[in-house]
There are 2 protein chains.
Amino acid sequence: MSETLSIGQVAERTGLSVHTLRFYEREELLTAPVTRDTGRRRVYTEDDVEWLTMCANFRATGMPLPVIRAYAALVRQGPGNEQDRLNLLREHERRIAERMSDLAACQELISYKVRVYESRVAHGTTGGL
Amino acid sequence: MSETLSIGQVAERTGLSVHTLRFYEREELLTAPVTRDTGRRRVYTEDDVEWLTMCANFRATGMPLPVIRAYAALVRQGPGNEQDRLNLLREHERRIAERMSDLAACQELISYKVRVYESRVAHGTTGGL
DNA sequence: GCTTGATCTAGAGTGCGCTCTAGCTCGCCG
DNA sequence: CGGCGAGCTAGAGCGCACTCTAGATCAAGC
């Protein structure tokens, strides 16, 4: 098993750019310090890939970097703060749900507009907005 | 009927700030030129409020300003381009649906994590990430 | 008349999350 | 040995959508 991955390989696997990977490291979003090889090149592990994939998920659902940083800090601290991590995840879960219901509401409004225009196009009628 | 509204009143009704209202006007997001009173103050109509409310909905669902600008331009042009407006709305509808399914997928992943931590907290066990 | 509060303009500043640049080093292939 | 491609750092730049500032003007109330 090749436990060691280059930044390029990690980029490919996680879908994050190498720029973003270095950026995330600077921003202290990682759960463990990235080791280096003889030439100071970063060496990643499968765990890093797993964590970074989760980060990508968090980002895709709108979690701000400071929150990810906080979560990462908890993980770095080690066992004992599971309740804190849970609270953080639940809070994010709540926000996703909120966001989805907002989206659903707007979606409905837009669907209505679409139907209006469909009927206008079908019947050759016109109207406002 | 007070057909005329000040920028402050419109801000209150639409939830957009007065800054944002002026900004949207500069950005050509409006469907009609805003008239002015004797003192060069903006005078809005109910139609403006309706349109701006729709803009707020568009923004809340992630429609970029250039797309809103394009839609506004179509409305300004008047009748005859209903098909174009419809295409634009449908495209946005599609993107909202896409976004919602992405969110749902991530939500599921996070719910799983939450369950993992719940059981850890409940049983006093520990683990990674 | 004077003050207060809303509005006006042009333009600068902000926050977020990247994204890119310049100039360097390193390991490898032929 | 030469050259390429990947990686390195520090730091600048960018895109988006606001958001705010300064300094002026105006309408209304005391």
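Every value quoted in this text rests on a predicted model; they were computed, and no experiment measured them. A, B, ... follow the sequence lines: proteins, then strands. Residue 1 opens every chain. Basis for what follows: all heavy atoms, side chains included, without hydrogens, waters or symmetry-related copies.
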*Roughly, in whole Å, what's the span from NE2 in His19(B) to P in dG13(C)?*
16 Å
Identify all pairs in which a protein N or O lies below 3.5 Å from an N or O of nucleotides 8-10 of chain C, and state each distance.
| residue | atom | partner | partner atom | Å |
| --- | --- | --- | --- | --- |
| dC8(C) | OP1 | Arg42(B) | N | 2.6 |
| dC8(C) | OP1 | Arg42(B) | NH1 | 3.1 |
| dC8(C) | OP2 | Arg22(B) | NH1 | 2.7 |
| dC8(C) | OP2 | Arg42(B) | NH1 | 3.2 |
| dC8(C) | O5' | Arg42(B) | NH1 | 3.3 |
| dC8(C) | O3' | Arg36(B) | NH1 | 3.4 |
| dT9(C) | OP1 | Arg36(B) | NH1 | 3.0 |
| dT9(C) | OP1 | Arg36(B) | NH2 | 2.9 |
| dT9(C) | OP2 | Arg42(B) | NH1 | 2.9 |
| dT9(C) | OP2 | Arg42(B) | NH2 | 2.7 |

*Please list, in 5' to 3' order, the outermost nucleotides of DNA chain D lying under 4.0 Å from any heavy atom of chain A.*
dA6(D) to dG11(D)
Per-pair distances, 0.1 Å, donor-acceptor, side chain in residues 23-33 of chain B, under 3.5 Å, sequence neighbours excluded:
| residue | atom | partner | partner atom | Å |
| --- | --- | --- | --- | --- |
| Glu25(B) | OE1 | Arg42(B) | NE | 2.5 |
| Glu27(B) | OE1 | Arg69(B) | NH1 | 3.2 |

_Given DNA chain C, 5'-ward residue of the pair Pro64(A) and Asp37(A), judged by closest heavy atom_ = Pro64(A)
*Thr53(A): partners by side-chain contact (heavy atoms from CB on, under 4.5 Å), with sequence neighbours left out*: Thr14(A), Val49(A), Asn57(A)
*Taking atom P of dC16(C) as reference, at what distance in whole Å does atom CD of Glu27(A) sit?*
11 Å
*Not counting sequence neighbours, which residues clear side-chain contact (heavy atoms from CB on, under 4.5 Å) with Ser17(B)? List them please.*
His19(B), Thr20(B)
*List in chain and number order the residues that pass side-chain hydrogen bond (donor to acceptor under 3.5 Å, both in side chains) with Thr35(A), two or more places apart in sequence or in another chain; answer none if no residue qualifies.*
none
*Please name all residues satisfying salt bridge (Lys or Arg N to Asp or Glu O under 4.0 Å) with Arg90(B), sequence neighbours left out, ordered by chain then number.*
Glu118(A)
*When you measure from the centre of the six-membered ring of Tyr112(B), is the NZ or CZ of Arg115(B) under 6.0 Å away and within 45° of the axis?*
no
*Excluding sequence neighbours, so at least two apart, what forms side-chain hydrogen bond (donor to acceptor under 3.5 Å, both in side chains) with Thr45(B)?*
Asp48(B)
*Partners of Tyr44(B) by ring pair (Phe, Tyr, Trp, His ring centres under 6.0 Å), sequence neighbours excluded?*
none
Sequence neighbours excluded and cut-off under 3.5 Å, please list the side-chain donor-acceptor pairs for residues 95-107 of chain A, or say none.
| residue | atom | partner | partner atom | Å |
| --- | --- | --- | --- | --- |
| Glu98(A) | OE1 | Arg94(A) | NH1 | 3.0 |
| Ser101(A) | OG | Glu98(A) | O | 3.1 |

_Neighbours of DNA chain D within residues 87-102 of chain B, by heavy-atom distance under 4.0 Å_ = none
*asked:* Which Ile, Leu, Val, Met, Phe, Trp or Tyr residues join Val43(B) in one cluster when any pair of side-chain heavy atoms under 4.5 Å counts as a link?
replied: none
